Amino acid sequence: MSAFKLYPPWAGELARKYLGKTLNQFILHGNIRDKVMMGGLKNPVFISLKDFLSHELFASRDMVLFYDRSSGIHFRDERSLAEFRKIAPSRWPADPGRVFPLLEEFFRSRVAEHKSIACIVDFAETIVPIGETGSAGTEDRNALVFLQKWSHDPLLLSADFTLVLLSQNLSDLNRNLVQSPHNAAIEIGLPGEKERKAYIGSFCSKEEFRLISSVPADTLGRQSAGLNLINIQGLLSGARENKKKLTYSSLTGNKKELIEAEAYDLLEFVDTRRKLDDVAGHRHVREHLRMAVKAIKNNRPEVMPMGYLVCGPVGTGKTYLVTCFAGEVGIPMVKLKNFRSQWQGVTEGNLEKILSLIQAMAPVAVMIDEADAYLGKRESSGDSGVSSRVFSQIAQFMSNTENRGKIVWFLMTARPDLMPVDLKRQGRAEEHLALFPPSSQEEREELYRVMVQKTGIRLTDDQIPEAIRQGTQSFSGADMEAALTRAMFQASTEGKRSVSKTILEEAFLDFIPPSYPDEIELQTLAAIIECTSHSLLPPGYRHADRSKLALRLEELKRKTSLSN
């Protein structure tokens with residue numbers, strides 16, 4: 001077993017499980033199209049996964065053969081080919097329906113002669129795809145039967161025989177196969193910082209590296225989290241071939257493009273120059289988030305919450321607040337886009353890929369807007385169980401305490417009461433932050449000035465509209481932005497580049513914010529009840545009778561459901 005110390009951890013796990021003599025079938029998933037590092041950090045060598053399996057992990061096997069439904073059967077060496085020709089001398093089929101009976105005859109005949117065999121099946125999701133077995137085609141069902149039969153066949157288990165299935169996403173494979181106790185699924189993760197640095201050092205000499213990169217090798221190794229080794233090779237090769245040095249700016253841009261492409265464009269980087277100082281109002285929430293920024297920058301992940309639930313009525317700036325946190329914290333923030341698909345199994349596969357990238361990018365913050373509708377529920381029905389499986393995947397990933405302070409979740413919603421308790425509990429979205437519209441003149445004026453800066457409106461003077469100053473009408477940040485935009489529009493129709501005091505006053509007096517009083521009260525009460533800190537609540541609600549608030553909330557739910 002000492003030889004496996006120079007191999008990646010997943011290879012050692014495979015070897016240990018195989019040597020237990022209870023398993024001979026393995027599913028390798030994840031980063032299977034990347035290079036594999038062997039030889040340790042002092043003398044690293046990087047080769048493809050197939051070469052590693054055939055020439056290293058299974059180097060002592062008498063025969064190693066490969067199969068995928070495009071190329072059919074092919075072999076590691078002439079010896080393996082010669083052995084196969086003993087049972088099938090002519091051309092071989094490529095479709096699983098005819099290949100698997102041929103493989104079974106080969107396995108049994110060679111094992112009977114005490115030969116050792118390794119078989120590697122690539123693109124396994126095209127052979128035993130996800131789906132209900134009863135509705136699968138005859139070829140898919142037969143392939144599944146062969147694989148399950150081989151996994152617990154006494155003759156094959158007692159022999160030196162291993163079958164390896166390769167698939168990027170485990171969720172793309174038939175569940176009967178994945179969940180079988182006779183198979184072991186082993187994930188190949190994205191390379192860690194030490195592996196990335198070792199690969200950069202092996203790619204070219206220090207002298208050449210200085211010619212193609214303005215970013216030091218150690219910094220590149222650290223900041224390339226989330227990229228695989230092939231991605232890093234592309235960055236360095238591009239700089240070499242184009243004779244254009246890799247810079248901090250180009251590294252950031254290329255990294256975002258590569259990761260978003262790797263995630264099938266279902267993951268989006270949140271790019272902002274704004275900081276928490278750009279947020280108006282919400283003083284206590286801002287201070288709380290500044291403490292989180294300080295903890296992350298001081299490398300104190302153990303004091304961080306696993307995640308935040310950010311709630312409050314519509315228009316209170318939940319997304320803007322979290323975006324400003326991203327600009328201040330100094331770690332990347334990503335936003336999950338719609339990964340759901342109408343095709344069976346694709347949704348789970350998309351999410352599996354996204355979560356593996358998020359894991360590799362740590363430290364990272366993750367933003368999920370409209371979380372009550374986005375994340376599904378444990379008991380969801382009507383979609384063949386997709387929503388409940390999505391819920392389980394995310395809930396399990398969020399609760400991994402090894403990610404505390406490394407992956408920070410921000411779940412945003414105006415209806416926290418609709419969020420599953422499992423996601424809101426301690427150990428997942430632990431801190432519940434509540435945002436409310438400005439309630440004092442100071443808060444209204446502060447929010448107004450921020451909206452003026454955000455919209456870029458050009459004013460003839462620094463006058464604050466009377467509607468804002470007096471508080472005669474309730475304006476959220478979104479309402480103020482809309483009224484300011486309307487004032488700019490009016491000025492442009494009069495051929496003016498700046499907005500006069502008169503136009504500004506008229507725009508705010510004329511503006512009627514959308515009025516949904518019951519819904520707004522419902523969202524406000526839901527945020528108050530959900531908030532996990534007295535200091536973050538408006539003074540009038542810090543010591544309110546929560547049971548009375550809950551009764552009013554239920555009353556509003558019934559009322560709004562009837563009106564809808």
Side-chain angles (χ1 to χ4, degrees), residues 1-8 10-28 32 36 38-39 45 47-94 96 98-124 127-128 143 145-167 177 182-184 186 188:
M1 291 292 291
S2 59
F4 294 112
K5 292 181 179 180
L6 300 180
Y7 289 164
W10 64 262
E13 181 184 355
L14 189 154
R16 285 190 296 273
K17 289 184 175 181
Y18 175 74
L19 293 175
K21 292 297 181 183
T22 58
L23 293 171
N24 65 10
Q25 198 167 115
F26 300 88
I27 304 170
L28 296 183
I32 62 171
V36 177
M38 50 175 289
V45 177
I47 58 177
S48 70
L49 175 61
K50 285 188 176 181
D51 283 344
F52 175 77
L53 292 173
S54 60
H55 296 294
E56 292 295 329
L57 199 60
F58 301 132
S60 62
R61 299 295 174 94
D62 295 322
M63 289 155 281
V64 176
L65 62 156
F66 304 88
Y67 170 68
D68 66 72
R69 52 185 317 153
S70 173
S71 304
I73 304 172
H74 46 292
F75 304 89
R76 175 185 65 184
D77 48 38
E78 288 296 327
R79 178 183 178 184
S80 302
L81 173 61
E83 289 287 342
F84 195 81
R85 279 181 171 159
K86 291 179 181 179
I87 61 110
S90 58
R91 295 183 64 182
W92 314 298
R98 291 186 293 167
V99 165
F100 276 46
L102 197 59
L103 288 176
E104 175 158 12
E105 182 183 354
F106 173 68
F107 295 155
R108 293 187 178 283
S109 64
R110 299 305 95 184
V111 163
E113 296 180 4
H114 305 290
K115 302 287 187 181
S116 56
I117 305 171
C119 178
I120 300 159
V121 179
D122 203 355
F123 301 100
I127 298 168
V128 278
V145 169
F146 272 110
L147 291 172
Q148 289 185 314
K149 183 171 62 175
W150 295 341
S151 69
H152 54 76
D153 186 290
L155 176 64
L156 298 180
L157 280 172
S158 63
D160 196 3
F161 169 82
T162 310
L163 188 139
V164 177
L165 302 168
L166 303 180
S167 178
L177 184 73
H182 303 289
N183 285 307
I186 299 176
I188 301 179

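This structure is a prediction, so every number in the text was calculated from the model and none was measured. The chain is numbered in sequence order, starting from 1.
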Do the side chains of [Y] and [X] get nearer than 4.5 Å, heavy atoms only?
X   : Y   : result
M63 : F84 : no
V36 : L53 : no
V99 : P96 : no

Any chance you could measure [X], atom [atom1], to [Y], atom [atom2], to the nearest 0.5 Å?
X   : Y    : atom1 : atom2 : value
I47 : E56  : CD1   : CD    : 5.0 Å
S80 : I73  : OG    : CD1   : 12.0 Å
Y67 : L102 : OH    : CG    : 10.5 Å
L23 : L157 : CG    : CG    : 8.0 Å
L28 : E13  : CG    : CD    : 9.5 Å
S70 : D122 : OG    : CG    : 10.0 Å

Hey, mind stepping through V121 and L166 against side-chain contact (heavy atoms from CB on, under 4.5 Å) and telling me if it holds? CA-CA 6 Å; V121 179; L166 303 180; over 6 Å; no

Residues forming a salt bridge (Lys or Arg N to Asp or Glu O under 4.0 Å) with R76, sequence neighbours excluded
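Here no residue qualifies.
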
Enumerate donor-acceptor pairs with a distance under 3.5 Å from any side-chain N or O in residues 113-120 to protein atoms, sequence neighbours excluded.
residue : atom : partner : partner atom : Å
E113    : OE1  : R110    : NH1          : 3.4
S116    : OG   : D62     : N            : 2.8
S116    : OG   : D62     : OD2          : 3.2

task: With side-chain contact (heavy atoms from CB on, under 4.5 Å) as the test, would you mind laying out the steps for L147 and L163 before giving the verdict?
output: CA-CA 9 Å; L147 291 172; L163 188 139; 4.0 Å; yes

Q) Is a side-chain donor-acceptor pair under 3.5 Å present for R61 with T162? A)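 On atom types as modelled, these side chains qualify, holding a pair under 3.5 Å.
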
inquiry  = Which residue in the set R108, Q148, Q25 passes side-chain hydrogen bond (donor to acceptor under 3.5 Å, both in side chains) when paired with D153?
reply    =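 Exactly one option meets the side-chain hydrogen bond (donor to acceptor under 3.5 Å, both in side chains) with D153, and it is R108.
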
Practice problem: Identify, with sequence neighbours excluded, every residue that meets ring-ring contact (aromatic ring centres under 6.0 Å, His included) alongside H55. | Solution: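 In terms of ring-ring contact (aromatic ring centres under 6.0 Å, His included), with neighbours along the sequence ignored, H55 is linked to no residue.
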
Whether the side chain of S71 engages the backbone of D68 through a donor-acceptor N/O pair (distance < 3.5 Å, no angle test) should be reported.
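Between the backbone of D68 and the side chain of S71 there is no qualifying donor-acceptor contact (under 3.5 Å).
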
*Does the side-chain contact (heavy atoms from CB on, under 4.5 Å) test come out yes or no for R85 and F75, once each step is laid out?*
CA-CA 11 Å; R85 279 181 171 159; F75 304 89; over 6 Å; no

Give me the atom names and distance for the closest heavy-atom approach of [X] to [Y].
X    : Y    : value
I87  : S109 : CG2-OG, 3.7 Å
Y18  : A159 : OH-O, 3.6 Å
S151 : N183 : CB-OD1, 4.3 Å
S54  : V64  : CB-CG1, 3.8 Å

Practice prompt. Might you work through the side-chain contact (heavy atoms from CB on, under 4.5 Å) test for E104 and F146, ending with a clear yes or no?
Written response: CA-CA 8 Å; E104 175 158 12; F146 272 110; 2.7 Å; yes

Under 30°, 30 to 60°, or over 60°: which ring-plane class applies to W150 and F100, parallel, tilted or perpendicular?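 Ring orientation, 0 to 90° scale: parallel.
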
- Aromatic contact, F161 with F107 (centres under 6.0 Å):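 Aromatic pair counts; centres sit under 6.0 Å.
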
Are R16 and F26 in a cation-pi contact, defined as NZ or CZ under 6.0 Å from the six-membered ring centre and within 45° of the axis?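 That pair does not qualify as a cation-pi contact.
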
